[in-house]
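A short worksheet on the structure shown next.
Position 1 is the first residue of the sequence; numbering continues from there. Small disclaimer: the values here were computed from a predicted structure and weren't measured. We use all heavy atoms of the structure for the numbers below, so side chains are in, but hydrogens, waters and symmetry mates are not.
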Amino acid sequence: MEEKKEPTKWEKYAKGKKPSMKRRCSLNDYCDRGIYMITIAIEGRRPLLGRLAGDTPEEAHVELSAFGERVKACWMAIPQYYPQIEVVKLCVMPDHIHGILFVHERIERHLGHVIWGFKTGCRKAARELGMLPDVTAELPQYTEQAPQNTSHPPVQYTAVSPQSPPQSSPQSPPQSSSYNRHHGILWEENYNDRILRGRGQYDRMKAYLDDNPKRLLIKRLHPEYFTQLGTITAAGIPMQAMGNRFLLDNPVKIQIQCSRRMTQEEIEHYKEAILQRAKKEGAIVVSPCISPGEQQTATASMAAGIPLIVLLLNGLPPLFKPQPRYLKACEEGRLLMLAPFPYQNEKLENMRQRCLQLNAYATDICKDD
């Protein structure tokens, strides 16, 4: 009888993960050296931090409110309390922030304590601006849970006031009826972190933060291409969709399908052949864009102005954002994203079967009249 193989620690972790974008990686030591991209959103996605300005994507930027300035100051003050942490980058959007933190040396407290202290400073600033009630006086039962498994007290940040602070908040104070005693009325509960370990992740994430206002303006200028369309029929089955649904009506479609065993030289020849054929026939290319060859050919097609229909491996999440490489194509109506499967952010156990199924759907879409 064949001995059953013991699953690796990463396989055990993948099976035990909760379906949440705000979970922590149980295999990562959040006190140790590392680079993290942190995302924290305002409760209810209210635009308390500023407003988007600029008439063109190149001019897009966020004009911070008085509270947004205070939030920025609190974030930039993190190294004052944790000298081991470098603030690499911060992007303040109207209703959320993205920040990259580099933990150079081991810290005594979990990274969650750093974020918890930052939120505490922001709440203090909001109360000073008249945006929040004094929760300590009016709501004595209010608590926000600090990270577990630690005996350290919470860190209290002193909010740094911007120059010439206004006398009142530009935003209307929230109604007390919207108060949630588990995480207050300012920030959403918890935070999202992405551990930047892979090659090129660090530079890609910095570029992502730089382009965030531009992406938001593009989405506002062309909401029809950045809004989930609900269910449409493609390849004879219902699929969730986002983008230009009318690309399905193009009579000429070419499938991109490349084996992972293809060499880079073979990929280059294949890519050139697809580009020439698509330009000559006025075709749309279709692919799940999974293998390196498929990804490179799809990226080259979009750069050449050729429309793309991409089938998504893990479905469409609720707050889906197209990848940066898809942004311009989406803006110009040259992209349609289809999701034959429900959204799933867990590790796929049937990866090969699903990839084969996506390629089969791509073939059927190309055969559709």
Given Val286 and Ile254, is the side-chain contact (heavy atoms from CB on, under 4.5 Å) satisfied, shown in steps? CA-CA 6 Å; Val286 184; Ile254 301 174; over 6 Å; no
Report the residues that fulfil side-chain hydrogen bond (donor to acceptor under 3.5 Å, both in side chains) with [X], sequence neighbours left out, ordered by chain and then residue number.
| X | answer |
| --- | --- |
| Gln84 | none |
| Asp210 | Lys89 |
| Gln296 | Gln264 |
| Arg51 | Glu63 |

Which pairs pass ring-ring contact (aromatic ring centres under 6.0 Å, His included) with one or both residues in residues 241-285, sequence neighbours excluded?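 As it turns out, there is no ring-ring contact (aromatic ring centres under 6.0 Å, His included) pair with a partner in residues 241-285 once direct neighbours are skipped.
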I need the full list of salt bridge (charged side-chain N to carboxylate O under 4.0 Å, His left out) pairs touching [range], with sequence neighbours left out, sorted by first then second residue.
| range | answer |
| --- | --- |
| residues 25-37 | Asp29-Arg106 |
| residues 260-274 | Glu268-Lys271 |
| residues 293-316 | none |

Mind checking the [atom1]-[atom2] spacing from [X] to [Y]? Nearest 0.5 Å is all I need.
| X | Y | atom1 | atom2 | value |
| --- | --- | --- | --- | --- |
| Thr39 | Ile115 | OG1 | CD1 | 10.0 Å |
| Lys72 | Cys122 | NZ | SG | 13.5 Å |
| Thr297 | Gln257 | OG1 | CD | 11.5 Å |
| Leu217 | Thr56 | CG | OG1 | 7.5 Å |

Mark yes or no for whether Gln255, through its side chain, and Asn359, through its backbone, hold a donor-acceptor pair below 3.5 Å.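 Such a contact is found between Gln255 side chain and Asn359 backbone.
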Determine the interplanar angle of the Phe118 and Trp75 rings, folded into 0 to 90°, and report it as parallel if under 30°, tilted if 30 to 60°, perpendicular if over 60°.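 Rings of Phe118 and Trp75: perpendicular, over 60°.
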Mind checking what makes salt bridge (Lys or Arg N to Asp or Glu O under 4.0 Å) contact with Lys206, not counting sequence neighbours?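 Partners of Lys206 by the salt bridge (Lys or Arg N to Asp or Glu O under 4.0 Å) criterion come out as none, since no residue qualifies.
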Can you list every side chain to side chain donor-acceptor pair (under 3.5 Å) pair that touches residues 280-292, not counting sequence neighbours?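 Of all non-adjacent pairs touching residues 280-292, those that pass side chain to side chain donor-acceptor pair (under 3.5 Å) are Arg277-Glu281.
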Under 4.5 Å side-chain heavy-atom separation, chaining through any Ile, Leu, Val, Met, Phe, Trp or Tyr, what else clusters with Tyr208? Say none if it is isolated.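 Same cluster as Tyr208: Ile35, Met37, Val88, Ile100, Phe102, Leu196, Tyr202, Met205, Leu209.
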Side-chain donor-acceptor pairs of residues 332-340 under 3.5 Å, sequence neighbours excluded:
unit_1, atom_1, unit_2, atom_2, d
Glu332, OE1, Arg334, NE, 2.9
Glu332, OE1, Arg334, NH2, 3.1
Glu332, OE2, Lys328, NZ, 2.9
Arg334, NH1, Met302, O, 3.1

